[in-house]
2 protein chains.
Amino acid sequence: MATTQEMPSETLRASRPSDPVSPLEKEALKQIALLGGIMEQVELNSSEFASLLATSQQTASRRILELVEEGLVERDLGVRKQRLKITPQGLEVLKAEHAAYQRIFELSETVHLTGRVRSGVGEGQYYMSQDGYVRQFRAKMGFTPYPGTLNVELSGPEVNKLRLLKARPAVVIERFQTEERTFGGVHAWPARISGRACAAILPNRTHYTRVIEVIAPEHLRSSLSLKDDDPVELEVEVRD
Amino acid sequence: MATTQEMPSETLRASRPSDPVSPLEKEALKQIALLGGIMEQVELNSSEFASLLATSQQTASRRILELVEEGLVERDLGVRKQRLKITPQGLEVLKAEHAAYQRIFELSETVHLTGRVRSGVGEGQYYMSQDGYVRQFRAKMGFTPYPGTLNVELSGPEVNKLRLLKARPAVVIERFQTEERTFGGVHAWPARISGRACAAILPNRTHYTRVIEVIAPEHLRSSLSLKDDDPVELEVEVRD
DNA sequence: ATTACTATTCTACGAGTAT
DNA sequence: TATACTCGTAGAATAGTAA
(Lines give C-alpha, C1' and ligand atoms only; values in the text may rest on other atoms or scores of the structure.)
Protein backbone atom coordinates (compact mmCIF):
# COMPACT_ATOMS: atom_id res chain seq x y z
CA MET A 1 0.00 0.00 0.00
CA ALA A 2 2.11 2.83 -1.26
CA THR A 3 -0.45 5.58 -1.30
CA THR A 4 -0.98 7.49 1.87
CA GLN A 5 -4.69 7.73 2.38
CA GLU A 6 -6.36 10.75 3.79
CA MET A 7 -6.59 10.28 7.52
CA PRO A 8 -9.05 12.69 9.09
CA SER A 9 -8.34 12.53 12.76
CA GLU A 10 -11.75 13.67 13.97
CA THR A 11 -12.41 10.32 15.54
CA LEU A 12 -9.13 9.58 17.16
CA ARG A 13 -10.02 6.15 18.30
CA ALA A 14 -8.18 3.59 20.26
CA SER A 15 -8.33 1.35 17.24
CA ARG A 16 -5.17 -0.18 15.86
CA PRO A 17 -3.55 1.34 12.78
CA SER A 18 -6.47 0.06 10.80
CA ASP A 19 -4.96 -3.01 9.20
CA PRO A 20 -5.77 -3.31 5.55
CA VAL A 21 -9.43 -3.71 4.74
CA SER A 22 -9.78 -6.15 1.89
CA PRO A 23 -11.73 -5.29 -1.24
CA LEU A 24 -14.22 -7.97 -0.26
CA GLU A 25 -14.85 -6.28 3.05
CA LYS A 26 -15.14 -2.89 1.41
CA GLU A 27 -17.73 -4.27 -0.93
CA ALA A 28 -19.69 -5.63 2.01
CA LEU A 29 -19.43 -2.35 3.84
CA LYS A 30 -20.60 -0.51 0.75
CA GLN A 31 -23.69 -2.67 0.45
CA ILE A 32 -24.62 -2.04 4.05
CA ALA A 33 -24.08 1.68 3.54
CA LEU A 34 -26.28 1.70 0.46
CA LEU A 35 -29.11 0.39 2.58
CA GLY A 36 -28.66 3.22 5.03
CA GLY A 37 -26.24 1.60 7.45
CA ILE A 38 -24.45 4.85 8.09
CA MET A 39 -27.46 6.69 9.43
CA GLU A 40 -29.58 3.90 10.81
CA GLN A 41 -29.44 0.28 11.75
CA VAL A 42 -30.11 -2.01 8.85
CA GLU A 43 -32.04 -5.25 9.17
CA LEU A 44 -30.32 -7.77 7.04
CA ASN A 45 -30.20 -11.50 7.44
CA SER A 46 -27.26 -13.41 6.13
CA SER A 47 -29.16 -14.87 3.18
CA GLU A 48 -30.25 -11.49 1.92
CA PHE A 49 -26.77 -10.21 2.45
CA ALA A 50 -25.47 -13.21 0.56
CA SER A 51 -27.44 -12.33 -2.55
CA LEU A 52 -26.32 -8.72 -2.38
CA LEU A 53 -22.75 -9.95 -2.34
CA ALA A 54 -23.38 -12.73 -4.84
CA THR A 55 -22.11 -15.35 -2.46
CA SER A 56 -23.41 -17.99 -0.08
CA GLN A 57 -25.20 -17.49 3.21
CA GLN A 58 -22.23 -18.95 5.04
CA THR A 59 -19.77 -16.61 3.44
CA ALA A 60 -22.04 -13.63 4.05
CA SER A 61 -22.30 -14.63 7.68
CA ARG A 62 -18.58 -14.97 7.96
CA ARG A 63 -18.07 -11.60 6.26
CA ILE A 64 -20.25 -9.91 8.85
CA LEU A 65 -18.21 -11.55 11.58
CA GLU A 66 -15.03 -10.19 10.00
CA LEU A 67 -16.45 -6.69 9.82
CA VAL A 68 -17.56 -6.82 13.41
CA GLU A 69 -14.21 -8.26 14.44
CA GLU A 70 -12.42 -5.37 12.78
CA GLY A 71 -14.69 -2.85 14.38
CA LEU A 72 -16.16 -1.62 11.12
CA VAL A 73 -19.69 -2.75 11.85
CA GLU A 74 -21.72 -3.04 15.01
CA ARG A 75 -24.30 -5.74 15.34
CA ASP A 76 -27.43 -6.40 17.32
CA LEU A 77 -28.26 -10.04 17.05
CA GLY A 78 -32.00 -10.03 17.41
CA VAL A 79 -34.22 -13.07 17.34
CA ARG A 80 -35.41 -12.49 13.81
CA LYS A 81 -32.93 -10.53 11.76
CA GLN A 82 -29.66 -9.11 12.86
CA ARG A 83 -29.35 -5.36 12.78
CA LEU A 84 -26.18 -3.85 11.42
CA LYS A 85 -24.80 -0.37 11.74
CA ILE A 86 -21.58 1.02 10.40
CA THR A 87 -19.19 2.29 13.06
CA PRO A 88 -17.16 5.49 12.86
CA GLN A 89 -14.18 3.39 11.76
CA GLY A 90 -16.26 1.78 9.05
CA LEU A 91 -17.33 5.22 7.94
CA GLU A 92 -13.70 6.26 7.60
CA VAL A 93 -13.06 3.33 5.31
CA LEU A 94 -15.99 4.33 3.15
CA LYS A 95 -14.94 7.96 3.09
CA ALA A 96 -11.46 6.99 1.96
CA GLU A 97 -12.93 4.89 -0.79
CA HIS A 98 -15.23 7.69 -1.80
CA ALA A 99 -12.32 10.11 -1.84
CA ALA A 100 -10.44 7.81 -4.19
CA TYR A 101 -13.30 7.81 -6.64
CA GLN A 102 -13.66 11.56 -6.27
CA ARG A 103 -10.06 11.92 -7.30
CA ILE A 104 -10.55 9.69 -10.27
CA PHE A 105 -13.45 11.77 -11.50
CA GLU A 106 -12.12 14.89 -9.93
CA LEU A 107 -14.06 18.05 -10.44
CA SER A 108 -11.56 19.92 -8.38
CA GLU A 109 -8.70 19.94 -10.76
CA THR A 110 -5.84 18.67 -8.69
CA VAL A 111 -3.20 16.06 -9.30
CA HIS A 112 -1.92 14.53 -6.10
CA LEU A 113 1.71 13.46 -6.25
CA THR A 114 3.61 11.68 -3.55
CA GLY A 115 7.35 11.31 -3.53
CA ARG A 116 10.47 11.82 -1.52
CA VAL A 117 12.83 14.70 -1.05
CA ARG A 118 16.06 14.36 -3.00
CA SER A 119 19.10 16.53 -3.03
CA GLY A 120 20.11 17.83 -6.40
CA VAL A 121 23.63 18.95 -7.12
CA GLY A 122 22.91 22.50 -6.15
CA GLU A 123 21.92 23.64 -9.62
CA GLY A 124 18.55 24.66 -8.28
CA GLN A 125 20.10 27.54 -6.46
CA TYR A 126 22.12 28.55 -9.51
CA TYR A 127 19.12 28.53 -11.79
CA MET A 128 16.72 30.22 -9.45
CA SER A 129 19.21 33.02 -8.94
CA GLN A 130 19.03 33.93 -12.60
CA ASP A 131 17.21 37.17 -13.06
CA GLY A 132 15.60 35.84 -16.24
CA TYR A 133 13.78 33.17 -14.21
CA VAL A 134 13.13 35.28 -11.15
CA ARG A 135 11.37 38.03 -13.07
CA GLN A 136 9.20 35.61 -14.98
CA PHE A 137 8.17 33.72 -11.87
CA ARG A 138 7.33 36.94 -10.09
CA ALA A 139 5.23 38.08 -13.01
CA LYS A 140 3.54 34.82 -13.93
CA MET A 141 3.32 32.93 -10.67
CA GLY A 142 2.87 35.83 -8.32
CA PHE A 143 5.78 35.26 -5.99
CA THR A 144 9.50 35.80 -5.84
CA PRO A 145 11.13 32.39 -5.76
CA TYR A 146 13.53 31.49 -3.01
CA PRO A 147 16.84 30.84 -4.76
CA GLY A 148 16.76 27.08 -4.76
CA THR A 149 14.51 24.21 -5.66
CA LEU A 150 13.19 21.27 -3.76
CA ASN A 151 13.64 18.09 -5.76
CA VAL A 152 10.89 15.55 -5.32
CA GLU A 153 11.45 12.10 -6.70
CA LEU A 154 8.23 10.36 -7.52
CA SER A 155 8.18 6.81 -6.39
CA GLY A 156 7.45 4.11 -8.90
CA PRO A 157 3.97 4.24 -10.36
CA GLU A 158 3.44 7.85 -9.33
CA VAL A 159 5.56 8.83 -12.29
CA ASN A 160 2.59 8.09 -14.51
CA LYS A 161 0.79 11.07 -13.09
CA LEU A 162 3.30 13.37 -14.72
CA ARG A 163 1.61 12.52 -17.98
CA LEU A 164 -1.60 13.92 -16.61
CA LEU A 165 0.23 17.08 -15.70
CA LYS A 166 1.92 17.50 -19.03
CA ALA A 167 -1.39 17.13 -20.79
CA ARG A 168 -2.69 20.22 -19.03
CA PRO A 169 -1.98 23.86 -19.78
CA ALA A 170 0.92 25.17 -17.77
CA VAL A 171 2.39 28.52 -17.03
CA VAL A 172 5.08 28.89 -19.65
CA ILE A 173 8.41 30.24 -18.46
CA GLU A 174 10.34 31.27 -21.54
CA ARG A 175 13.94 30.48 -22.35
CA PHE A 176 16.36 33.37 -22.12
CA GLN A 177 19.99 34.18 -22.65
CA THR A 178 22.71 35.79 -20.61
CA GLU A 179 26.12 36.73 -21.80
CA GLU A 180 27.43 33.34 -20.75
CA ARG A 181 24.79 30.90 -21.81
CA THR A 182 21.23 30.00 -22.65
CA PHE A 183 18.67 28.94 -20.07
CA GLY A 184 15.89 26.66 -21.27
CA GLY A 185 12.21 27.23 -20.83
CA VAL A 186 10.20 25.40 -18.21
CA HIS A 187 6.55 24.62 -17.57
CA ALA A 188 5.11 25.48 -14.21
CA TRP A 189 1.88 24.67 -12.39
CA PRO A 190 0.67 26.30 -9.22
CA ALA A 191 0.76 23.82 -6.38
CA ARG A 192 0.74 23.30 -2.65
CA ILE A 193 3.13 21.30 -0.56
CA SER A 194 2.05 20.66 3.01
CA GLY A 195 -0.33 23.56 2.60
CA ARG A 196 2.29 26.04 1.41
CA ALA A 197 1.82 27.73 -1.92
CA CYS A 198 4.48 26.75 -4.41
CA ALA A 199 4.96 25.83 -8.02
CA ALA A 200 5.78 22.48 -9.57
CA ILE A 201 8.10 22.85 -12.52
CA LEU A 202 9.35 20.64 -15.29
CA PRO A 203 11.88 21.63 -17.94
CA ASN A 204 10.38 21.67 -21.41
CA ARG A 205 10.62 18.38 -23.26
CA THR A 206 11.75 16.29 -20.32
CA HIS A 207 10.10 13.01 -20.99
CA TYR A 208 11.49 10.34 -18.78
CA THR A 209 12.23 12.04 -15.53
CA ARG A 210 10.93 10.86 -12.21
CA VAL A 211 11.90 14.06 -10.48
CA ILE A 212 9.77 17.16 -10.29
CA GLU A 213 11.12 20.41 -8.89
CA VAL A 214 9.31 22.63 -6.49
CA ILE A 215 9.90 26.33 -6.08
CA ALA A 216 8.36 28.52 -3.46
CA PRO A 217 8.67 31.98 -1.94
CA GLU A 218 10.38 30.41 1.05
CA HIS A 219 13.05 27.85 1.78
CA LEU A 220 10.87 24.78 2.00
CA ARG A 221 13.52 22.52 3.40
CA SER A 222 13.83 24.60 6.52
CA SER A 223 10.27 25.87 6.90
CA LEU A 224 8.92 22.33 6.54
CA SER A 225 11.92 20.73 8.25
CA LEU A 226 12.51 18.43 5.35
CA LYS A 227 15.44 16.09 5.08
CA ASP A 228 16.49 13.90 2.21
CA ASP A 229 14.21 10.91 1.72
CA ASP A 230 11.38 12.52 3.65
CA PRO A 231 8.04 11.72 2.04
CA VAL A 232 6.07 14.69 0.74
CA GLU A 233 2.72 15.24 -0.85
CA LEU A 234 2.38 17.69 -3.65
CA GLU A 235 -0.99 18.92 -4.85
CA VAL A 236 -0.70 20.40 -8.27
CA GLU A 237 -3.50 22.57 -9.61
CA VAL A 238 -4.45 22.06 -13.21
CA ARG A 239 -7.13 23.77 -15.25
CA ASP A 240 -8.40 23.45 -18.77
CA MET B 1 -15.12 -11.95 -26.58
CA ALA B 2 -12.43 -9.37 -27.06
CA THR B 3 -14.35 -7.42 -29.66
CA THR B 4 -13.95 -3.92 -28.36
CA GLN B 5 -16.92 -2.09 -29.75
CA GLU B 6 -16.51 1.65 -29.76
CA MET B 7 -19.41 3.13 -27.87
CA PRO B 8 -19.81 6.76 -28.86
CA SER B 9 -23.18 7.41 -27.33
CA GLU B 10 -23.23 8.02 -23.62
CA THR B 11 -26.85 7.13 -23.28
CA LEU B 12 -26.59 3.94 -25.25
CA ARG B 13 -25.42 1.81 -22.40
CA ALA B 14 -22.94 -0.97 -22.69
CA SER B 15 -25.36 -3.68 -23.63
CA ARG B 16 -22.62 -6.20 -22.96
CA PRO B 17 -23.62 -9.02 -20.64
CA SER B 18 -20.83 -7.60 -18.51
CA ASP B 19 -20.41 -10.54 -16.23
CA PRO B 20 -19.94 -9.49 -12.66
CA VAL B 21 -16.74 -7.65 -11.96
CA SER B 22 -15.31 -8.91 -8.71
CA PRO B 23 -14.30 -6.55 -5.92
CA LEU B 24 -10.71 -7.60 -6.50
CA GLU B 25 -10.91 -6.52 -10.10
CA LYS B 26 -12.60 -3.27 -9.17
CA GLU B 27 -9.79 -2.53 -6.77
CA ALA B 28 -7.26 -3.15 -9.52
CA LEU B 29 -9.15 -0.91 -11.94
CA LYS B 30 -9.32 1.78 -9.32
CA GLN B 31 -5.58 1.74 -8.78
CA ILE B 32 -4.95 2.07 -12.49
CA ALA B 33 -7.42 4.91 -12.68
CA LEU B 34 -5.76 6.73 -9.79
CA LEU B 35 -2.56 6.77 -11.80
CA GLY B 36 -4.31 8.36 -14.72
CA GLY B 37 -5.33 5.25 -16.62
CA ILE B 38 -8.56 6.83 -17.78
CA MET B 39 -6.93 9.69 -19.65
CA GLU B 40 -3.59 8.25 -20.59
CA GLN B 41 -1.69 5.04 -20.78
CA VAL B 42 -0.07 4.09 -17.54
CA GLU B 43 3.31 2.42 -17.30
CA LEU B 44 3.11 -0.16 -14.61
CA ASN B 45 5.06 -3.34 -14.25
CA SER B 46 3.55 -6.23 -12.43
CA SER B 47 5.75 -5.82 -9.35
CA GLU B 48 4.75 -2.21 -8.86
CA PHE B 49 1.17 -3.18 -9.42
CA ALA B 50 1.58 -5.97 -6.91
CA SER B 51 2.57 -3.58 -4.17
CA LEU B 52 -0.32 -1.26 -4.99
CA LEU B 53 -2.64 -4.23 -4.57
CA ALA B 54 -0.75 -5.65 -1.61
CA THR B 55 -0.27 -8.96 -3.33
CA SER B 56 2.41 -10.87 -5.23
CA GLN B 57 3.84 -10.12 -8.64
CA GLN B 58 2.26 -13.27 -10.03
CA THR B 59 -1.17 -12.39 -8.79
CA ALA B 60 -0.85 -8.86 -10.07
CA SER B 61 0.12 -10.22 -13.45
CA ARG B 62 -2.84 -12.57 -13.47
CA ARG B 63 -5.16 -9.78 -12.44
CA ILE B 64 -4.09 -7.71 -15.42
CA LEU B 65 -4.75 -10.69 -17.64
CA GLU B 66 -8.25 -10.98 -16.20
CA LEU B 67 -8.96 -7.32 -16.77
CA VAL B 68 -7.73 -7.51 -20.35
CA GLU B 69 -9.71 -10.68 -20.88
CA GLU B 70 -12.87 -8.96 -19.71
CA GLY B 71 -12.25 -5.97 -21.89
CA LEU B 72 -11.85 -3.56 -19.01
CA VAL B 73 -8.23 -2.71 -19.71
CA GLU B 74 -6.18 -2.48 -22.87
CA ARG B 75 -2.56 -3.36 -22.81
CA ASP B 76 0.55 -2.62 -24.81
CA LEU B 77 3.19 -5.10 -23.83
CA GLY B 78 6.39 -3.17 -24.43
CA VAL B 79 9.84 -4.49 -23.87
CA ARG B 80 10.30 -2.76 -20.56
CA LYS B 81 7.06 -1.98 -18.81
CA GLN B 82 3.61 -2.78 -20.00
CA ARG B 83 1.34 0.16 -20.66
CA LEU B 84 -2.22 -0.03 -19.45
CA LYS B 85 -5.24 2.02 -20.36
CA ILE B 86 -8.76 1.69 -19.13
CA THR B 87 -11.31 0.92 -21.84
CA PRO B 88 -14.77 2.50 -22.14
CA GLN B 89 -16.20 -0.62 -20.50
CA GLY B 90 -13.75 -0.29 -17.65
CA LEU B 91 -14.74 3.32 -17.28
CA GLU B 92 -18.37 2.27 -16.95
CA VAL B 93 -17.46 -0.02 -14.08
CA LEU B 94 -15.65 2.80 -12.32
CA LYS B 95 -18.50 5.23 -12.90
CA ALA B 96 -20.96 2.79 -11.40
CA GLU B 97 -18.77 2.38 -8.39
CA HIS B 98 -18.38 6.11 -8.04
CA ALA B 99 -22.14 6.55 -8.30
CA ALA B 100 -22.63 4.07 -5.47
CA TYR B 101 -20.37 6.10 -3.19
CA GLN B 102 -22.07 9.31 -4.26
CA ARG B 103 -25.36 7.81 -3.14
CA ILE B 104 -23.91 6.73 0.15
CA PHE B 105 -22.76 10.22 0.93
CA GLU B 106 -25.96 11.73 -0.41
CA LEU B 107 -24.57 14.43 -2.53
CA SER B 108 -27.64 13.62 -4.47
CA GLU B 109 -30.57 14.11 -2.15
CA THR B 110 -32.41 11.12 -3.42
CA VAL B 111 -33.31 7.75 -2.01
CA HIS B 112 -33.43 5.14 -4.73
CA LEU B 113 -35.92 2.39 -4.11
CA THR B 114 -36.42 -0.65 -6.25
CA GLY B 115 -39.38 -2.96 -5.98
CA ARG B 116 -42.17 -4.61 -7.86
CA VAL B 117 -45.66 -3.57 -8.77
CA ARG B 118 -48.31 -5.18 -6.60
CA SER B 119 -52.05 -4.98 -6.82
CA GLY B 120 -53.75 -3.74 -3.74
CA VAL B 121 -57.34 -4.57 -3.04
CA GLY B 122 -58.58 -1.49 -4.77
CA GLU B 123 -58.54 0.70 -1.68
CA GLY B 124 -56.21 3.07 -3.39
CA GLN B 125 -58.92 4.24 -5.68
CA TYR B 126 -61.33 4.62 -2.76
CA TYR B 127 -58.92 6.68 -0.71
CA MET B 128 -57.65 8.85 -3.49
CA SER B 129 -61.19 9.74 -4.42
CA GLN B 130 -61.75 11.34 -1.05
CA ASP B 131 -61.95 15.06 -1.36
CA GLY B 132 -60.05 15.46 1.90
CA TYR B 133 -57.00 13.84 0.36
CA VAL B 134 -57.38 15.29 -3.13
CA ARG B 135 -57.47 18.87 -1.92
CA GLN B 136 -54.46 18.44 0.31
CA PHE B 137 -52.41 16.80 -2.40
CA ARG B 138 -53.31 19.53 -4.85
CA ALA B 139 -52.31 22.20 -2.37
CA LYS B 140 -49.22 20.60 -0.91
CA MET B 141 -47.82 18.47 -3.73
CA GLY B 142 -48.85 20.63 -6.66
CA PHE B 143 -50.88 18.11 -8.61
CA THR B 144 -54.28 16.54 -8.64
CA PRO B 145 -53.88 12.85 -7.92
CA TYR B 146 -55.26 10.28 -10.27
CA PRO B 147 -57.81 8.34 -8.21
CA GLY B 148 -55.75 5.28 -7.46
CA THR B 149 -52.38 4.31 -6.11
CA LEU B 150 -49.60 2.19 -7.45
CA ASN B 151 -48.40 -0.24 -4.83
CA VAL B 152 -44.70 -0.96 -4.89
CA GLU B 153 -43.44 -3.81 -2.79
CA LEU B 154 -39.83 -3.35 -1.83
CA SER B 155 -37.81 -6.46 -2.19
CA GLY B 156 -35.90 -7.76 0.78
CA PRO B 157 -33.16 -5.48 2.01
CA GLU B 158 -34.58 -2.46 0.19
CA VAL B 159 -37.08 -2.19 3.01
CA ASN B 160 -34.30 -0.75 5.16
CA LYS B 161 -34.27 2.36 3.03
CA LEU B 162 -37.72 3.27 4.29
CA ARG B 163 -36.02 4.15 7.53
CA LEU B 164 -33.96 6.72 5.71
CA LEU B 165 -37.11 8.13 4.24
CA LYS B 166 -38.96 8.30 7.51
CA ALA B 167 -36.06 10.15 9.08
CA ARG B 168 -36.46 12.98 6.59
CA PRO B 169 -39.00 15.79 6.60
CA ALA B 170 -42.07 14.85 4.62
CA VAL B 171 -45.07 16.68 3.32
CA VAL B 172 -47.68 16.09 5.98
CA ILE B 173 -51.13 15.17 4.76
CA GLU B 174 -53.50 15.63 7.70
CA ARG B 175 -56.14 13.24 8.87
CA PHE B 176 -59.70 14.28 8.22
CA GLN B 177 -63.21 13.10 8.82
CA THR B 178 -66.25 12.53 6.63
CA GLU B 179 -69.72 11.75 7.83
CA GLU B 180 -68.99 8.05 7.58
CA ARG B 181 -65.49 7.66 8.95
CA THR B 182 -62.07 9.01 9.73
CA PHE B 183 -59.19 8.96 7.28
CA GLY B 184 -55.71 8.84 8.73
CA GLY B 185 -52.89 11.17 7.95
CA VAL B 186 -50.05 10.20 5.65
CA HIS B 187 -46.55 11.35 4.92
CA ALA B 188 -45.58 12.13 1.36
CA TRP B 189 -42.32 12.81 -0.46
CA PRO B 190 -41.97 14.15 -3.98
CA ALA B 191 -40.59 11.45 -6.23
CA ARG B 192 -40.10 10.25 -9.77
CA ILE B 193 -40.94 6.91 -11.23
CA SER B 194 -39.50 6.20 -14.67
CA GLY B 195 -39.02 9.92 -15.01
CA ARG B 196 -42.64 10.83 -14.18
CA ALA B 197 -43.31 13.17 -11.32
CA CYS B 198 -45.17 11.47 -8.52
CA ALA B 199 -45.30 11.20 -4.76
CA ALA B 200 -44.30 8.34 -2.52
CA ILE B 201 -46.62 8.01 0.45
CA LEU B 202 -46.66 6.12 3.70
CA PRO B 203 -49.47 6.14 6.24
CA ASN B 204 -48.44 7.66 9.54
CA ARG B 205 -47.02 5.25 12.05
CA THR B 206 -46.69 2.32 9.68
CA HIS B 207 -43.60 0.61 10.92
CA TYR B 208 -43.25 -2.78 9.38
CA THR B 209 -44.59 -2.44 5.90
CA ARG B 210 -42.66 -3.41 2.83
CA VAL B 211 -45.08 -1.64 0.52
CA ILE B 212 -44.91 2.00 -0.45
CA GLU B 213 -47.69 3.66 -2.40
CA VAL B 214 -47.21 5.96 -5.32
CA ILE B 215 -49.64 8.58 -6.44
CA ALA B 216 -49.35 10.68 -9.55
CA PRO B 217 -51.35 13.05 -11.73
CA GLU B 218 -51.80 10.22 -14.21
CA HIS B 219 -52.68 6.55 -14.24
CA LEU B 220 -49.18 5.14 -13.96
CA ARG B 221 -50.15 1.57 -14.69
CA SER B 222 -51.32 2.49 -18.14
CA SER B 223 -48.97 5.32 -19.00
CA LEU B 224 -45.98 3.22 -18.01
CA SER B 225 -47.55 -0.06 -19.17
CA LEU B 226 -47.00 -1.65 -15.81
CA LYS B 227 -48.25 -5.08 -14.89
CA ASP B 228 -48.14 -6.85 -11.58
CA ASP B 229 -44.65 -7.99 -10.60
CA ASP B 230 -43.00 -5.57 -13.00
CA PRO B 231 -39.85 -4.12 -11.47
CA VAL B 232 -39.85 -0.39 -10.93
CA GLU B 233 -37.40 2.17 -9.71
CA LEU B 234 -38.57 4.96 -7.51
CA GLU B 235 -36.44 8.00 -6.84
CA VAL B 236 -37.65 9.80 -3.78
CA GLU B 237 -36.49 13.33 -3.14
CA VAL B 238 -35.52 14.17 0.40
CA ARG B 239 -34.27 17.41 1.83
CA ASP B 240 -33.24 18.61 5.22
C1' DA C 1 15.34 -6.65 -16.69
C1' DT C 2 10.35 -8.12 -17.85
C1' DT C 3 5.80 -11.38 -18.08
C1' DA C 4 3.57 -15.46 -17.03
C1' DC C 5 3.80 -20.59 -17.09
C1' DT C 6 3.51 -24.83 -14.00
C1' DA C 7 3.52 -26.85 -9.57
C1' DT C 8 2.49 -26.38 -4.95
C1' DT C 9 0.53 -24.32 -0.90
C1' DC C 10 -3.14 -22.70 1.47
C1' DT C 11 -6.90 -19.62 1.86
C1' DA C 12 -11.48 -19.08 1.75
C1' DC C 13 -15.81 -20.98 -0.03
C1' DG C 14 -19.91 -23.62 0.69
C1' DA C 15 -22.27 -28.24 2.16
C1' DG C 16 -23.92 -30.15 6.02
C1' DT C 17 -25.53 -29.33 10.22
C1' DA C 18 -25.61 -27.83 15.29
C1' DT C 19 -27.57 -24.36 17.87
C1' DT D 1 -37.10 -19.64 11.45
C1' DA D 2 -32.24 -17.53 12.29
C1' DT D 3 -26.59 -17.65 12.78
C1' DA D 4 -22.44 -19.89 12.40
C1' DC D 5 -19.75 -24.09 13.38
C1' DT D 6 -16.69 -27.97 11.19
C1' DC D 7 -14.55 -29.65 7.43
C1' DG D 8 -13.60 -31.33 2.63
C1' DT D 9 -12.33 -29.16 -1.28
C1' DA D 10 -12.08 -25.75 -5.30
C1' DG D 11 -9.69 -22.32 -6.73
C1' DA D 12 -6.79 -18.43 -5.67
C1' DA D 13 -2.17 -17.04 -4.40
C1' DT D 14 2.62 -17.90 -4.41
C1' DA D 15 7.29 -20.18 -5.45
C1' DG D 16 10.14 -21.46 -8.73
C1' DT D 17 11.39 -20.64 -13.29
C1' DA D 18 11.00 -20.43 -18.34
C1' DA D 19 10.78 -17.40 -22.02
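Protein chains get the first letters and strands the later ones, always in sequence-line order, with residue 1 at the start of each.
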Given DNA chain C, 5'-ward residue of the pair A:Arg62 and B:Gln82, judged by closest heavy atom: B:Gln82
Contact list for residues 200-212 of chain B, test side chain to side chain donor-acceptor pair (under 3.5 Å), sequence neighbours left out: B:His187-B:Asn204
B:Glu153 with B:Arg118: basic N within carboxylate O range, under 4.0 Å: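 Looking at B:Arg118 together with B:Glu153, the answer is yes, because their closest N to O distance falls below 4.0 Å.
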Of B:Arg63 and A:Ile64, the one whose closest DNA chain D nucleotide lies more 5': A:Ile64
Which residues share a side-chain hydrogen bond (donor to acceptor under 3.5 Å, both in side chains) with B:Ser22, sequence neighbours left out: none
Which residues share a side-chain hydrogen bond (donor to acceptor under 3.5 Å, both in side chains) with A:Arg221, sequence neighbours left out: A:Asp228
Residue list, ring pair (Phe, Tyr, Trp, His ring centres under 6.0 Å) with A:Phe49, at least two apart or on another chain: none
Contacts of [X] that satisfy salt bridge (Lys or Arg N to Asp or Glu O under 4.0 Å) - sequence neighbours left out:
X: B:Glu158; result: B:Lys161
X: B:Arg192; result: none
X: B:Glu48; result: B:Lys81
X: B:Arg163; result: none

Chain A footprint on DNA chain D, 5' to 3' - any atom under 4.0 Å from a heavy atom: D:dA2 to D:dC5
Rounded (10°) bend between the five-pair end axes of the helix from C:dT2-D:dA19 to C:dT19-D:dA2: 50°
Nucleotides bounding contact with chain A, strand DNA chain C, heavy-atom threshold 4.0 Å: C:dC13 to C:dG16
Within-4.5 Å side-chain heavy-atom neighbours: B:Lys26 and B:Val93: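 Yes, side chains in contact.
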Contact check, side chains of B:Thr114 and B:Leu154, non-hydrogen atoms, under 4.5 Å: no
Donor-acceptor pair between B:Asp76 and B:Gln41 side chains, under 3.5 angstrom: yes
Interatomic distance, A:Ile64 atom CD1 to A:Glu25 atom CD [nearest 0.5 angstrom]: 12.0 Å
Residue-level proximity of residues 44-59 of chain A to DNA chain D when a heavy atom falls under 4.0 Å: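 The answer is A:Asn45, A:Ser46, A:Gln57, A:Gln58.
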